[in-house]
Q: 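Pasting a structure below so you can have a look.
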Protein chains: 2
Amino acid sequence: MSRPDQQQPEPKYWHLKTVLSQALDTEFSVGQTLPNERELAARFGVARATLRQALDQLELEGRLQRRRGVGTTVAPPRFGVDVSPGQHTWPGTAGDPWVATDCTVAVPPRAVADALGVAADRPVETVRRTLFTHGQPIGTEHLFIPPGVLPAGEGTDNARGADRAGAVLARLQLLPWGGRDRAVELGSAGADAARLLDRLPGSPVLIVTTGYASGGSPVAVGVATYRADTCRLTFGDQEPLSLTAS
Amino acid sequence: MSRPDQQQPEPKYWHLKTVLSQALDTEFSVGQTLPNERELAARFGVARATLRQALDQLELEGRLQRRRGVGTTVAPPRFGVDVSPGQHTWPGTAGDPWVATDCTVAVPPRAVADALGVAADRPVETVRRTLFTHGQPIGTEHLFIPPGVLPAGEGTDNARGADRAGAVLARLQLLPWGGRDRAVELGSAGADAARLLDRLPGSPVLIVTTGYASGGSPVAVGVATYRADTCRLTFGDQEPLSLTAS
DNA sequence: CAGTGGTCTAGACCACACC
DNA sequence: GTGTGGTCTAGACCACTGA
C-alpha cells in the first residue's frame, strides 16, 4: 500500500462490503459471531469507521445483526410479514395476530389528523398494538380513532390499558366495512418504537400507514412500524407462488 | 444553552436531528438550500461527522436531499407510487407506465432462479424497465422470464434492446393470467441501479419483488428498485381515502 | 470486570458541479 | 478555479452485555 498511485473510483467501504458479503456466503453460517470491529478493521487495513460503513450497509440489507455489548452475528433470512389488503376486516377481529396492549386518548400527529379530517388539536382514541413473530417483537402500531365515529358500546368509559383497547376495537368493528388503503415508506425508529422493537433510536424501519373507511369517510388510521432489518412485507394477490427471494 | 450541566443519555446527533427537523418545518421551504455542512457543524459546535449523522437520518426520512458538488436542499413530500395488485395484467400492457429499455439473455440471481424453478446457471430473458414520474427516474426493474415458458411469437430472434424487450413482453402477455404476489423490503442500491436512479451506490432503496404465475406455476419474476428517499409505495384496497400522511 | 458496539473529534483528501 | 458533499484516518471515550 505504499503505492497510492492509480486512483480507484471504488470506495474502500464498497469493496469491503463486497468482500465481506462473499465471506458471509461461504465461510459463515446463520447466527455465527464475526470477529469484533477492531480486529476486522485491522485485518483489512482500514480505520474502524470505514469498516463500520461497510457493516452498516450489510446490516441495512439484513445480512448482519449487531448488538452493543454482544457482537455482530450473521442474520437469518428476513421474516415475511403479511400486510396484504386480503381479508376485508377491521383490526382486532378474530385471527388478527396483533396484540393490543394499551389505549389512551391523545392528540395524534398532524398528518394523521389531516387524514382523519379532524382538527389538529383534537384528541383521539390511540390504541397501541404489537406484532410478535417467533417470540420477537416485529412491529408496533398506533391506531388512531376519533371517538365521534364510534358507535355506542360498553366498557370504554372507565377502562384502562388493554381492556380499553379491546373495548374500543370492539366498537370499531360494529361499523360497516368501507375499505382501506395502505402505503409503505422508509423511516427511522423513534425513541418509543426503538425500545419496543429492541433497536437503537434511529434504526431504519418500514412504516406502513393504513387508512380505514366506513360509509365513504375515514374512520381510523394505523401507523405501523416494522424492523426494516428483519422484515419483508408481503402482500399477495391471491397465493400463487411462495417467493423467497432475498 | 450555556448550561451543558446534566449528562444527557441522548446522543448529540439525535438532539441535532430534532433541532434541525424543527428548523426545517419553521424556517425553510421546499427546495431551499441549507448552509453547507462545515458551517452547520461550526454553528452547532460539533464535528462535521456528527452533523452528518443527523443529516443522514433526515435524508433517510425523506426530509432532505443531498447532492455532491451542489448542496443540501429541503426535499418535497414523497411521491406516492402505486404498486397495488389491482389490475390483473401482465407487465407491459397498455397503460403500464414502465418503459422497457433493454433486454438481454443472462443468468439471474440465485434467489430468482429458485423462485422460477430453473437451474441456477440457466440464462433467462432479462428485461430492464424504468419508471419515470415528474420527469424523474423513480424506480428500475429487472424482469426475469425463462424462455421455455413463453409461447411462440415474432420478433424475438434477432431483436435487440427495446425492440427485443417489447417482443418478449408481447409473448408473455399471451399467457393466461395466473396471479402474482409481492414483497417489499429494504435494500441498498447496486452500482447499476444507483446510476439509473441518480443516486450514489449504497443508497437505501425499497426493493419490490413480484412473482407472476400462469397455469399454477411461476413464469416471471420482477425485481424493482425504488428510491427510498423520494418514494412512498401505495397499494390501495379499493380507493377509499386519499391518505397523505408522512 | 473485560469486551463489545455506539458516539465523537479534528483533521485530511477526493469526486463532482458550476462558473 | 471555488465550493460542495463523500470518503477516510487514528485516535478517544461512552453505554451496554455478560461472565
Side-chain angles (χ1 to χ4, degrees), chain A residues 1-2 4-18 20 32-60 64-75 188-189 191 194-195 198-204 229, chain B residues 4 6-17 20 32-60 64-75 188-189 191 194-195 198-204 229:
Chain A
M1 70 275 291
S2 48
D5 32 26
Q6 54 211 8
Q7 82 292 358
Q8 69 273 6
E10 180 146 291
K12 276 191 187 178
Y13 77 88
W14 185 263
H15 180 246
L16 250 185
K17 175 191 153 189
T18 307
L20 284 169
Q32 195 172 349
T33 301
L34 271 63
N36 71 55
E37 298 184 349
R38 289 161 180 87
E39 182 180 334
L40 279 177
R43 187 179 300 184
F44 287 106
V46 300
R48 183 155 80 109
T50 304
L51 172 77
R52 279 181 59 82
Q53 225 176 326
L55 294 184
D56 284 345
Q57 288 219 4
L58 290 171
E59 194 180 21
L60 200 75
L64 291 180
Q65 213 157 337
R66 293 194 282 183
R67 310 212 344 173
R68 164 158 42 177
V70 179
T72 302
T73 56
V74 181
S188 59
R195 202 177 341 100
D198 189 28
R199 299 259 65 198
L200 290 175
S203 305
D229 56 342
Chain B
Q6 53 211 5
Q7 85 289 356
Q8 68 276 7
E10 179 148 286
K12 276 191 187 179
Y13 77 87
W14 185 263
H15 180 245
L16 251 185
K17 174 192 153 188
L20 284 169
Q32 195 172 349
T33 302
L34 271 62
N36 72 55
E37 298 184 349
R38 287 159 180 90
E39 183 181 334
L40 280 177
R43 186 178 302 183
F44 288 105
V46 299
R48 184 155 78 110
T50 305
L51 185 266
R52 279 181 59 82
Q53 224 176 328
L55 294 184
D56 284 346
Q57 288 216 5
L58 289 170
E59 194 181 21
L60 200 74
L64 292 179
Q65 212 158 333
R66 293 195 280 183
R67 310 218 331 176
R68 163 152 52 176
V70 179
T72 302
T73 56
V74 180
S188 60
R195 200 177 341 101
D198 189 28
R199 299 259 65 198
L200 290 175
S203 306
D229 57 343

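Note that the coordinates shown come from a computational prediction; the quantities given were computed from them, not determined experimentally. A, B, ... follow the sequence lines: proteins, then strands. Residue 1 opens every chain.
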Q: Indicate yes or no: at least one non-hydrogen side-chain atom of A/P204 is less than 4.5 angstrom from one of A/D229.
A: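 They are not in side-chain contact.
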
Q: Contact class for B/R52 vs. all strands (heavy atom < 4.0 Å): base, sugar-phosphate, or nothing?
A: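 Base: the residue B/R52, judged by heavy atoms under 4.0 Å, touches a nucleobase.
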
Q: Do B/Q53 and B/K17 come within less than 4.5 Å of each other through their side chains, counting heavy atoms only?
A: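 With C-beta onward as the side chain, the pair stays apart.
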
Q: Any side-chain N or O of A/T50 less than 4.0 Å from the OP1 or OP2 oxygen of D/dT9?
A: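 Looking at the OP1 and OP2 atoms of D/dT9, one of them is under 4.0 Å from a side-chain N or O of A/T50.
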
Q: Nearest whole angstrom, please: distance from the P of D/dG6 to the CD of B/Q65.
A: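 So the CD-P distance, B/Q65 to D/dG6, works out to 12 Å.
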
Q: Working to the nearest 0.5 Å, report the span between NZ of A/K12 and OG1 of A/T50.
A: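 Going from the NZ atom of A/K12 to the OG1 atom of A/T50 covers 6.5 Å.
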
Q: So does B/R38 reach the base of D/dG5 with its side chain, donor to acceptor, closer than 3.5 Å?
A: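 Yes, the side chain and the base share a sub-3.5 Å donor-acceptor pair.
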
Q: Taking atom C1' of C/dG5 as reference, at what distance in whole Å does atom CZ of A/R199 sit?
A: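 So the two atoms are 12 Å apart, to the nearest Å.
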
Q: With hydrogens left out and only the distance checked, is there a donor-acceptor pair under 3.5 Å joining A/R48's side chain and the base of C/dG6?
A: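 When only heavy-atom distances are counted, A/R48 does reach the base of C/dG6 through a donor-acceptor pair under 3.5 Å.
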
Q: If you assign each of B/G69 and B/L200 to its closest nucleotide in DNA chain D, which residue comes earlier from the 5' end?
A: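 Here B/G69 is the residue nearer the 5' end.
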
Q: Between D/dA10, C/dA17, C/dT9, which nucleotide gets closest to the side-chain atoms of B/V70?
A: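 Looking only at heavy atoms from C-beta outward on B/V70, the closest nucleotide is C/dA17.
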
Q: Over how many whole Å does the gap from B/L64 atom CG to D/dG5 atom P extend?
A: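 Rounded to the whole Å, the gap is 11 Å.
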
Q: Between the base of C/dG6 and the side chain of A/R67, is there any donor-acceptor pair under 3.5 Å?
A: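 Answer no: no donor N or O sits under 3.5 Å from an acceptor.
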
Q: Grab the CG-P distance between A/L40 and C/dG3 for me, whole Å please.
A: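 Spelled out: CG on A/L40 to P on C/dG3 is 17 Å.
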
Q: How long is the span from the OG1 atom in A/T72 to the CG atom in A/N36, to the nearest 0.5 Å?
A: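 Answer for the OG1-CG pair, A/T72 versus A/N36, is 8.5 Å.
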
Q: Would you say B/L40 and B/V46 make side-chain contact, with heavy atoms under 4.5 Å?
A: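 A side-chain contact is absent here, since even the closest heavy-atom pair is not under 4.5 Å.
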
Q: Kindly say if A/Y13 contacts the phosphate of D/dT7, meaning a side-chain N or O under 4.0 Å from OP1 or OP2.
A: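 For D/dT7, OP1 or OP2 has a side-chain N or O of A/Y13 closer than 4.0 Å.
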
Q: Counting only side-chain nitrogens and oxygens, does A/N36 get under 4.0 Å of the OP1 or OP2 atom of C/dG3?
A: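 Answer is no, no contact under 4.0 Å.
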
Q: Go nucleotide by nucleotide along DNA chain C from the 5' end; which of A/G71 and B/Q53 gets its closest nucleotide reached first?
A: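 Nearest nucleotide further toward 5': that of A/G71.
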
Q: Could you tell me whether A/R199 and A/E59 have a side-chain N and a carboxylate O separated by less than 4.0 Å?
A: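 Yes, charged N to carboxylate O under 4.0 Å.
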
Q: Can you tell me the distance, in whole Å, between the CD atom of A/E10 and the C1' atom of D/dG6?
A: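 It is 15 Å, rounded to the nearest whole Å.
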
Q: According to a strict under-4.0 Å criterion, is B/T72 in side-chain N/O contact with OP1 or OP2 of D/dT4?
A: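 Checking D/dT4 against B/T72, no side-chain N or O comes under 4.0 Å of OP1 or OP2.
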
Q: Round to a whole Å and report the spacing from CD of A/E37 to C1' of D/dT9.
A: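 Going from A/E37 (CD) to D/dT9 (C1'), I get 16 Å.
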
Q: Could you state the atom-to-atom distance from CZ of A/R66 to P of C/dT7 in whole Å?
A: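 Spelled out: CZ on A/R66 to P on C/dT7 is 9 Å.
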
Q: Count the heavy atoms belonging to other residues, nucleotides or ligands that lie under 6.0 Å from CZ of B/R67, then report whether that count exceeds 12.
A: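 12 or below, so no.
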
Q: In dot-bracket form, how is DNA chain D paired, counting a Watson-Crick or G-U wobble pair only if both its distances are under 3.5 Å and using | for bases paired to another strand?
A: ||||||||||||||||||.

Q: D/dG18 C1' sits how many Å from A/R68 CZ, rounded?
A: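 Those two atoms, CZ and C1', are 15 Å apart.
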
Q: Working to the nearest 0.5 angstrom, can you tell me the gap between B/E37 CD and B/L55 CG?
A: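 Output value for this atom pair is 5.5 Å.
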
Q: Give one of base, sugar-phosphate or nothing for A/L55, where a contact means two heavy atoms less than 4.0 Å apart.
A: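 Answer is nothing: A/L55 stays at 4.0 Å or more from every strand.
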
